[in-house]
Structure formats: C-alpha cells, structure tokens
Amino acid sequence: MTTQEKTSNRRKKKPNTDETSTIAPVKKSKTNMIIKTIQTLVYDLPGKVLAQNLLGKVLVRKIGETTCKGRIVETECYPGGDDKASRTFNGKRSPTTEALYMDAGTAYVYMTYGMYHCINISSSEPGGGVLIRALEPLEGIEDMRKWRIDKMKSKKDIKTKDLCNGPSKLCTSLQITKIDCNMMDLKTSESMWIEDDPKFLVDEIVCTSRIGIAGAGKEWAEKPYRFYIYGNDYVSKRDLKKEEEIADQKVS
DNA sequence: AGTCCGATTCGCT
DNA sequence: GCGAATCGGACTA
C-alpha cells in the first residue's frame, strides 16, 4: 500500500463520539478474524482531557518523500480563560494566537526566543490548547538527527533520546515551523497528523506542574497541567519524586 | 519608533 | 549550572 492510499483510508474513518475513550473497540467477525474499527482521534475535548488522551499516540510528519514519526510522551495543557500562563489569558486575541480559537485539532505553532518553535493542538475551550513537549522517535530518525545537527554550531552528534525531548527540539527534528504548520488542521492535513496506536498501552500517567512559566505567578505555575508517561525515558524533565510515589502505590 | 520579553536550547565553566 | 543567542509581536508614547 502506498503512503497516499494509507492517507486516504485514514481520512475515511468515522469520528469517535465516545468522549471517555479514543481506543478503538475490537470486534470478531464470523471467521474469527479480528476486525479493528480504527477511528480518527477526538480533539474536541477540554485541554486537560486531550493532553492525557494524546499520550501514547503517534505524531506523523511528512516532508517531501520523508516520513517522520514520534510517540507523544509528554504534554501540557493551556486552557486559556483565567490561566495566566496561557497566551489567550482572559480571552485575549491577537493575529498570532488565532489558531487557538479555531476548530479543535488545529495546530498552533509559534516562535519563541526568536529562534525556536513550539506546537500546540487546539482543544475545545476557546483559546485552549495542548503543548506537545516530547516525543519518542519511531521512524525517520536519521533524518531528524540530520536536521537537528544542521541547526547546531558544534555539529556534534545527538543521541536518539535527545532528538525530541523538548518542545522546540521536536519541532526542529520534524521541521515544524510557523510558516508551514500554523493553523494546519490535523484532522485533514496530508503533511501532519496524529495516529492512534492501539497496541501501545499507557500504563500510568504522571501529572505535575508545567515548565518554564514562572512568570505567570506561583498559583498558575504550580497547576498540575503537565502530563507524561510514567517511567518514560524520552520525557524532557521527569519528576522522580512523583514517580516514586506512584511506584510505592503499585507495591502496596 | 522604541522597548521589552519569551511555554528554549546550546555551549562553555 | 549559567549566560548568550536572536527576533516577531505586543505594548507604550
């Protein structure tokens, strides 16, 4: 099957209307073959739910003939409204944040520190989005490495583990830029989308505070709006104390 | 027109 | 661990 055929199949799938799960039900036919009803992901959910649902899913990026894939292992939600850390705090609108007010499942890509990009996926709240903070590289790894090293002065080698363990690292690795990807509809785009991976089970989710938003003040900086896959080695910053607590619970 | 600053990363100490 | 890099856009006057 060509990649184009795969893409067209993917787009024919029916949307999942069950808000509590995005895992496809597995049915058995008369011949006892397993028929899997693969569904497109549901994006129209509150950021806090979407952020957790996205864990374990696979972000796919096509650049020309190259396909890169990475499993989403770390996210943060920025729900807007009274969240001071959100760029859409108090419903503030500007040309740059417009993607966050668009249909859930729209990519919001912005430049930060004058040289890096970050990607969010808009959620159901007006002005709400989920930041993708880290991926486990799965496919196209050598291309990711090449693009990352190209951008560095030192040109020194990068371990696979370090290719996508940060929001701007993953954008560089997957060539996600504002000019190419902002306002992209991930439900219909042919160059970037998210796939379910029903074989991959998220064992446990670690929930902790968001990173790099001290300026928003203590109350909002401490909100438990960051989520990552427990024990995962591709996460940008692990909270080992939280992980220990989870480990203790598992034992008892 | 001028100022200020960031949802980060890199390279060096 | 710390400071520099680097620039678009929001905000002020």
Side-chain angles (χ1 to χ4, degrees), chain A residues 46-48 50-52 54-55 59 70 72-101 106-123 125-135 137 144-183 206-228 234-240:
Chain A
K48 213 171 168 174
L50 180 62
Q52 293 173 80
L54 287 174
L55 294 177
L59 178 63
I72 299 170
V73 299
E74 179 184 356
T75 57
E76 282 178 1
C77 69
Y78 289 85
D82 56 358
D83 173 32
K84 257 194 107 184
S86 292
R87 301 192 158 197
T88 53
F89 171 62
N90 271 349
K92 194 172 72 174
R93 293 183 89 123
S94 76
T96 49
T97 57
E98 211 45 36
L100 290 171
Y101 291 93
T106 303
Y108 164 52
V109 180
Y110 66 91
M111 182 172 264
T112 186
Y113 292 96
M115 54 193 136
Y116 300 117
H117 292 277
C118 291
I119 180 169
N120 288 237
I121 297 162
S122 67
S123 50
E125 311 94 324
V130 173
L131 172 73
I132 309 297
R133 278 199 63 90
L135 304 174
M144 297 185 199
R145 204 189 315 275
K146 190 178 71 197
W147 293 324
R148 277 292 304 291
I149 293 174
D150 273 356
K151 292 259 179 183
M152 286 193 316
K153 213 172 182 177
S154 68
K155 307 288 177 202
K156 72 160 193 247
D157 197 24
I158 302 175
K159 294 185 190 121
T160 300
K161 185 174 77 65
D162 295 321
L163 286 177
C164 301
N165 60 346
S168 296
K169 290 180 186 175
L170 70 91
C171 284
T172 305
S173 289
L174 300 194
Q175 297 204 3
I176 296 169
T177 59
K178 179 175 178 177
I179 196 156
D180 290 335
C181 304
N182 191 39
M183 296 197 183
V206 182
C207 176
T208 181
S209 55
R210 294 173 290 182
I211 289 173
I213 52 155
K218 198 167 185 274
E219 184 193 348
W220 294 102
E222 286 178 354
K223 287 271 177 200
Y225 284 174
R226 183 165 75 102
F227 308 93
Y228 70 85
Y234 297 87
V235 167
S236 68
K237 262 197 181 97
R238 288 170 64 177
D239 186 334
L240 295 179

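Computed from a prediction, not measured in an experiment: that's the story for all the values here. Naming: A, B, ... by sequence-line order, numbering from 1 per chain.
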| message | How many whole angstroms separate atom NZ of A:K156 from atom C1' of B:dC12? | response | 10 Å
| request: Could you check how far NZ of A:K169 sits from C1' of B:dT8, rounded to whole Å? | output: 9 Å
| request: Report the residue (A:K178 or A:Y116) whose heavy-atom-nearest nucleotide on DNA chain C is the more 5′ of the two. | output: A:Y116
| How long is the line joining OH of A:Y108 and P of C:dG9, in whole Å? | 11 Å
| task | Would you please name every residue forming a salt bridge (charged side-chain N to carboxylate O under 4.0 Å, His left out) with A:K218, sequence neighbours left out? | result | A:E222
| Side-chain N,O (A:T96) to OP1/OP2 (C:dA10) below 4.0 Å | yes
| said: Could you check whether any side-chain N or O of A:K155 sits under 3.5 Å from a backbone N or O of A:D150, counting only pairs where one atom can act as donor and the other as acceptor? | reply: yes
| For the pair made of NZ in A:K92 and P in C:dC11, what is the distance, rounded to whole Å? | 5 Å
| Nucleotide B:dG6, atom P - distance to NE2 of A:H117 in whole Å | 19 Å
| Over how many whole Å does the gap from A:M111 atom CE to B:dT8 atom P extend? | 15 Å
| query | Touch check for A:R93, heavy atoms < 4.0 angstrom, all strands: base, sugar-phosphate only, or nothing? | reply | nothing
| message | Is it the case that the side chain of A:E76 and the backbone of A:R133 share a donor-acceptor pair, with hydrogens and angles ignored and the cut-off at 3.5 Å? | response | no
| request: With heavy atoms under 4.0 Å as the rule, sort A:K237 into base, sugar-phosphate or nothing. | output: nothing
| task | Starting from P on C:dA10, measure out to CZ on A:F89 and report it in whole angstrom. | result | 17 Å
| field | Within 6.0 Å of CD1 in A:I179, more than 12 heavy atoms from elsewhere | value | no
| remark: Of the candidates B:dC10, C:dA5, B:dT9, the side chain of A:P167 sits closest to B:dT9
| task | For nucleotides C:dT6 and B:dG2, find the distance between their P atoms and express it as a whole number of Å. | result | 22 Å
| Would you say B:dT8 has OP1 or OP2 under 4.0 Å from some side-chain N or O of A:T112? | no
| Which one is paired to B:dA1, where only Watson-Crick or G-U wobble pairs with both distances under 3.5 angstrom count? | C:dT12
| message | What is the distance, to the nearest angstrom, from the OH atom on A:Y110 to the C1' atom on C:dA10? | response | 15 Å
| So, the side chain of A:E74 versus the backbone of A:S236: is there a donor-acceptor pair under 3.5 Å, distance only? | yes
| field | Which nucleotide in B:dG11, B:dT8, B:dT9 has an atom nearest any side-chain atom of A:R148 | value | B:dT9
| said: Under 5.5 Å centre to centre and under 30° between planes: does that hold for A:Y113 and the six-membered base ring of B:dT8? | reply: yes
| task | Return no unless some side-chain N or O of A:S94 is found under 4.0 Å from OP1 or OP2 of C:dA10. | result | yes
| said: Please classify the nucleic acid contact of A:K84 as base, sugar-phosphate, or nothing, using heavy-atom distances under 4.0 Å. | reply: nothing
